[in-house]
Visitor: 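Before I ask anything, here is the structure I am working with.
These numbers come from a predicted model, not from an experiment.
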Amino acid sequence: MLTVEEQTQVAPAAETGSEKEQAVQRMFSSIARYYDLNNSLLSLGLHHSWKRKAIEFLVGDPPHPNPLPPGERGRLRPPPGERESVILPPRARESVKLVLDVGAGTADLALLAARRLGKKARIVAADLNGPMLAIGLGKVRRAGLQNHIVCVQANAERLCAPDASFDAVTTGFCMRNVADLSQALQEIRRVLKPGGRLICLEFSRPVAGWLSRLYDWYSFTLLPWIGTKVSGDRTGVYQYLPASIRSFPDQEGLARLLHEVGFAQVEYHNLSGGIVAIHVAVK
């Protein structure tokens, strides 16, 4: 994996990814400077809250603390007899020291993780897209957290990290963009330490029928219009994004896939009526 600074000193790598991977990279490169602004506009600012809630699952020993209200808790639970704690252990933050943020983009989750976990934690913010990662690096520097967060260019399906390297892996709105979802999840499991956890924040399926219909209208009609107007994009990324959500596994489908690739314990927690879900999986 190359740091952003190192990328300017080496020749660009030959294209080896799938057609989807290359198309996704072109689209995100075209909107990188408008990505944070459009995230706030298109989610009505909710993405900040979704990301903060996801990061809360980094702290505490398994079974994971549940920071969500009862109406937003998932349907998959720890085995009978295991508690679902909402009280953080006194030394919870010290148990997670090395975190990999896959598909870090503009580094929002990495910044939240560094602030939540404290001075002893180190975060590796990894993304395949150079322009997005460069913006993230700028945010890290402005926050004065460059000693705690390193930005590297890496492919989620081929992570250049030894087995059992990380205490936790986070990923936000990335997994639906990978060419091979099962391979990416296997790679994440490989680099996690035994007992390590994956926190996956991703768009999912609204639970209520009326919300699902409203969300579909918004996603396929209003969202592409706003996103394209703000960014001036001509690659079709704002048509791709809702289509990628529709084709991604729903809450229980992703939970089953996480079990299939070898995670021992999986649970999910709906946010905003299921528009977004947090999956927590333990190796």
Visitor: Report yes if the side chains of Asn38 and Ile31 come closer than 4.5 Å at any heavy-atom pair, otherwise no.
Guide: no

Visitor: Please check if the side chain of Arg122 supplies one atom and the backbone of Lys119 the other of a donor-acceptor pair under 3.5 Å.
Guide: yes

Visitor: Where is the tightest heavy-atom contact between Asn270 and Gln251, given as atom of each residue plus distance?
Guide: OD1-NE2, 2.9 Å

Visitor: For the residue pair Phe166 and Leu159, establish whether any side-chain heavy-atom pair is separated by less than 4.5 Å.
Guide: no

Visitor: Kindly give the heavy-atom pair with the smallest separation between Gln153 and Leu133, and that separation in Å.
Guide: N-CD2, 3.7 Å

Visitor: Donor-acceptor pair, Arg116 side chain versus Ile55 backbone, under 3.5 Å?
Guide: no

Visitor: Between Lys193, Lys97, Arg197, which is the residue that forms a salt bridge (Lys or Arg N to Asp or Glu O under 4.0 Å) with Asp167?
Guide: Lys193

Visitor: Output yes when a side-chain donor or acceptor of Glu202 lies under 3.5 Å from a complementary backbone atom of Cys174, and no otherwise.
Guide: yes

Visitor: With rounding to the nearest 0.5 angstrom, report the OG to NE2 distance, Ser40 to His48.
Guide: 3.5 Å

Visitor: So do the side chains of Leu257 and Met175 get within less than 4.5 Å of each other, counting heavy atoms only?
Guide: no

Visitor: Would a hydrophobic clustering, with Ile, Leu, Val, Met, Phe, Trp and Tyr connected at side-chain separations under 4.5 Å, put Tyr35 with Leu112?
Guide: yes

Visitor: Does a side-chain heavy-atom distance below 4.5 Å link Gln265 with Val280?
Guide: no

Visitor: Report the C-alpha separation of Arg246 and Asp216 in whole Å, then their side-chain angles, then the decisive distance to 0.1 Å, and conclude whether the side-chain contact (heavy atoms from CB on, under 4.5 Å) test is met.
Guide: CA-CA 9 Å; Arg246 177 70 66 84; Asp216 279 351; 3.2 Å; yes

Visitor: So how far is it from Arg52 CZ to His47 NE2, rounded to the nearest 0.5 Å?
Guide: 9.5 Å

Visitor: For Asp250 and Ser204, does a side-chain donor sit closer than 3.5 Å to a side-chain acceptor?
Guide: no

Visitor: Side-chain heavy atoms nearer than 4.5 Å, only ILVMFWY residues, links allowed to pass through others: does that put Leu211 and Phe220 together?
Guide: no

Visitor: Is there a side-chain contact between Leu185 and Leu198, using heavy atoms and a 4.5 Å cut-off?
Guide: yes

Visitor: Is the Phe173 ring parallel, tilted or perpendicular to the Phe203 ring (thresholds 30°, 60°)?
Guide: tilted

Visitor: Taking Arg189 for its side chain and Leu258 for its backbone only, find out whether a donor-acceptor pair lies under 3.5 Å.
Guide: no

Visitor: Within the structure provided, determine whether Leu128 and Glu21 are in side-chain contact (heavy-atom separation under 4.5 Å).
Guide: yes

Visitor: Identify the two heavy atoms, one from Trp50 and one from Ser272, that lie closest to each other, and give their separation to 0.1 Å.
Guide: NE1-OG, 2.9 Å

Visitor: Suppose we screen for side-chain contact (heavy atoms from CB on, under 4.5 Å). Which residues come up paired with Ala23, at least two apart in sequence or across chains?
Guide: Arg26

Visitor: Taking all atoms of both residues into account, what is the closest heavy-atom pair of Asp127 and Asn129, and its distance?
Guide: OD1-N, 2.8 Å

Visitor: Honestly curious: do Ile278 and Val207 fall in one hydrophobic cluster under the side-chain, below-4.5 Å linking rule?
Guide: no

Visitor: Applying the 4.5 Å side-chain criterion to the ILVMFWY set and letting contacts propagate, would Leu181 and Val191 be lumped into a single cluster?
Guide: yes

Visitor: May I ask you to test the Thr170-Ile123 pair for a side-chain heavy-atom distance under 4.5 Å?
Guide: no

Visitor: For the side chain of Tyr34 and the backbone of Gly227, is there at least one donor-acceptor N/O pair under 3.5 Å apart?
Guide: no

Visitor: Is there a path of hydrophobic side-chain contacts, each under 4.5 Å between heavy atoms of I, L, V, M, F, W or Y residues, that connects Leu41 with Leu44?
Guide: no

Visitor: Could you walk me through whether Leu241 and Arg176 pass the side-chain contact (heavy atoms from CB on, under 4.5 Å) test, one step at a time?
Guide: CA-CA 9 Å; Leu241 290 175; Arg176 72 184 189 281; 3.5 Å; yes

Visitor: Apply side-chain contact (heavy atoms from CB on, under 4.5 Å) to the pair Leu201 and Leu271, showing each step before the final yes or no.
Guide: CA-CA 10 Å; Leu201 173 67; Leu271 304 178; 4.3 Å; yes

Visitor: How many angstroms lie between atom CZ of Arg115 and atom NE2 of His148, to the nearest 0.5 angstrom?
Guide: 11.5 Å

Visitor: Nearest heavy-atom pair of Glu157 and Asp180: which atoms, and what distance?
Guide: OE2-N, 3.3 Å

Visitor: Passes salt bridge (charged side-chain N to carboxylate O under 4.0 Å, His left out), Glu56 versus Lys53? Steps please.
Guide: CA-CA 5 Å; Glu56 286 303 308; Lys53 288 177 178 178; over 6 Å; no

Visitor: What's the separation between atom CG in Asn39 and atom CG in Leu46, rounded to the nearest 0.5 Å?
Guide: 11.5 Å

Visitor: Measuring from atom OG of Ser165 to atom CZ of Arg190, what distance do you get when rounded to the nearest 0.5 angstrom?
Guide: 7.0 Å

Visitor: Evaluate the side-chain contact (heavy atoms from CB on, under 4.5 Å) criterion for residues Leu254 and Tyr268: first the C-alpha distance (whole Å), next the side-chain angles of each, then the deciding distance (0.1 Å), finally the verdict.
Guide: CA-CA 9 Å; Leu254 181 55; Tyr268 69 83; over 6 Å; no

Visitor: In terms of side-chain heavy atoms, does Ser29 have a donor or acceptor partner in Gln25 at a distance below 3.5 Å?
Guide: no

Visitor: Are the side chains of Gln239 and Thr228 in touch, meaning some heavy atoms are under 4.5 Å apart?
Guide: yes

Visitor: How many angstroms lie between atom OG of Ser231 and atom CD1 of Ile226, to the nearest 0.5 angstrom?
Guide: 11.5 Å

Visitor: Closest approach of Leu109 and Thr171, non-hydrogen atoms and distance?
Guide: CD1-C, 3.8 Å

